[in-house]
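Here is how names work: the chains are called A, B, and so on, in the same order as the sequence lines, proteins then strands, and each is numbered from 1.
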Amino acid sequence: MRIGELARRTGITERALRYYEEQGLLRPERRPSGYRVYGDADVAAVRRIRILLAAGLSTAQITQVLPCVLDDDGLLAPLCPELVDALVEHRAKIDEAIDELAATRANLDVIISAEARSA
DNA sequence: ATTCTAACA
DNA sequence: TGTTAGGA
């Protein structure tokens, strides 16, 4: 199928699909016309990519992780043990980011509370 | 009609 | 990412 059909079947814009290829997430074949040709497997691949992106992984990480993930129901099962370690690490970074944002919010609250009273 | 690349009020 | 120009 060409990019238009894959876009319809996945709900992903053609723009994004071309971007995924640029990032090495998809390797569609090319017709002599230059048109990209995708296989049925790519529909599932895009599904996995979306889940991984939603989990906050970078395209670079996804490129490595993609072949290490099992495609079952609507979930992704990590296969390689290295992958699990990487995901646990990623989770830790998310916790750090949450803490930093909480601190930033606290600082903002101080300013908001000081408003009007200072004048 | 569709898709392609490149580029940015 | 959207969008658009300019081609095939």
Side-chain angles (χ1 to χ4, degrees):
Chain A
M1 74 189 92
R2 290 175 311 190
I3 195 168
E5 185 179 344
L6 181 61
R8 282 188 296 91
R9 290 171 55 173
T10 60
I12 302 303
T13 63
E14 297 182 5
R15 175 76 159 82
L17 292 175
R18 295 193 182 97
Y19 177 69
Y20 293 166
E21 176 182 20
E22 195 176 285
Q23 297 303 300
L25 272 37
L26 296 175
R27 344 275 318 197
E29 295 172 17
R30 291 293 189 129
R31 315 199 71 176
S33 60
Y35 286 13
R36 273 162 269 248
V37 176
Y38 300 88
D40 294 337
D42 290 319
V43 175
V46 171
R47 246 190 58 233
R48 278 173 282 159
I49 291 172
R50 294 305 294 187
I51 295 175
L52 263 4
L53 285 174
L57 279 73
S58 69
T59 54
Q61 291 170 157
I62 295 177
T63 301
Q64 306 177 235
V65 162
L66 216 46
C68 264
V69 96
L70 179 64
D71 201 351
D72 247 4
D73 33 62
L75 305 173
L76 292 185
L79 296 180
C80 320
E82 323 97 278
L83 172 56
V84 179
D85 294 337
L87 295 180
V88 171
E89 254 187 75
H90 181 234
R91 190 185 194 290
K93 290 192 176 183
I94 290 178
D95 283 337
E96 288 177 35
I98 289 176
D99 290 342
E100 287 174 15
L101 281 173
T104 298
R105 180 180 55 188
N107 289 331
L108 181 58
D109 285 342
V110 171
I111 298 174
I112 292 175
S113 303
E115 184 252 329
R117 270 182 301 121
S118 60

Query raised in the report: Which one is paired to B:dA1, where only Watson-Crick or G-U wobble pairs with both distances under 3.5 angstrom count?
Result: none
Query raised in the report: For the pair made of CD in A:E14 and P in B:dA6, what is the distance, rounded to whole Å?
Result: 17 Å
Report task. Could you check whether A:R30 gets within reach of a base, just the sugar-phosphate, or nothing at all, counting any heavy atom under 4.0 Å? Result -> sugar-phosphate
Query raised in the report: What integer number of Å spans the C1' atoms of C:dG6 and B:dT2?
Result: 15 Å
**Report entry** Pairwise 5' ranking along DNA chain C for A:A16 and A:Y35, keeping only the more 5' one
**Finding:** A:A16
Query - A:R36 vs A:L26 side-chain heavy atoms within contact, under 4.5 Å - result: no
Query raised in the report: So what does A:R15 touch, heavy atoms closer than 4.0 Å: a base, only the sugar-phosphate, or nothing?
Result: base
Report summary line: Whole-Å distance, A:Y38 OH to B:dT2 C1', equals 13 Å
Report task. Give me the one residue out of A:V65, A:L87, A:L25 that meets side chain to side chain contact (heavy atoms under 4.5 Å, CB included) with A:L52. Result -> A:V65
**Report entry** Nearest-angstrom distance from the residue atom OH of A:Y19 to P of B:dA7
**Finding:** 17 Å
Query raised in the report: Mind checking who C:dG2 pairs with, Watson-Crick or G-U wobble, both distances under 3.5 Å?
Result: B:dC8
Report task. Verify the contact: side-chain N or O of A:R18 to OP1 or OP2 of B:dC4, cut-off strictly under 4.0 Å; return yes or no. Result -> yes
Report task. Using a 4.0 Å heavy-atom cut-off across all strands, classify A:S33 as base, sugar-phosphate, or nothing. Result -> nothing
Query raised in the report: Phosphate oxygens OP1/OP2 of B:dT2: is one of them under 4.0 Å from a side-chain N or O of A:R8?
Result: no
Query raised in the report: Are side-chain heavy atoms of A:E5 and A:R2 found at a separation under 4.5 Å?
Result: no
Requested in this report: For B:dC4, take OP1 and OP2 only and decide whether either is under 4.0 Å from a side-chain N or O of A:R36.
Outcome: yes
**Report entry** Nearest heavy-atom neighbours spanning A:L53 and A:T59
**Finding:** CD2-CG2, 4.3 Å
Query raised in the report: Taking everything shown except A:R30 itself, do over 12 heavy atoms lie less than 6.0 Å from its CZ?
Result: yes
Requested in this report: Starting from C1' on B:dT2, measure out to CZ on A:R31 and report it in whole angstrom.
Outcome: 12 Å
Query raised in the report: For A:L17 and B:dT3, what is the distance between atoms CG and C1' respectively, to the nearest whole Å?
Result: 13 Å
Requested in this report: Would you mind reading off the distance between A:E21 atom CD and B:dT3 atom C1', rounded to a whole angstrom?
Outcome: 12 Å
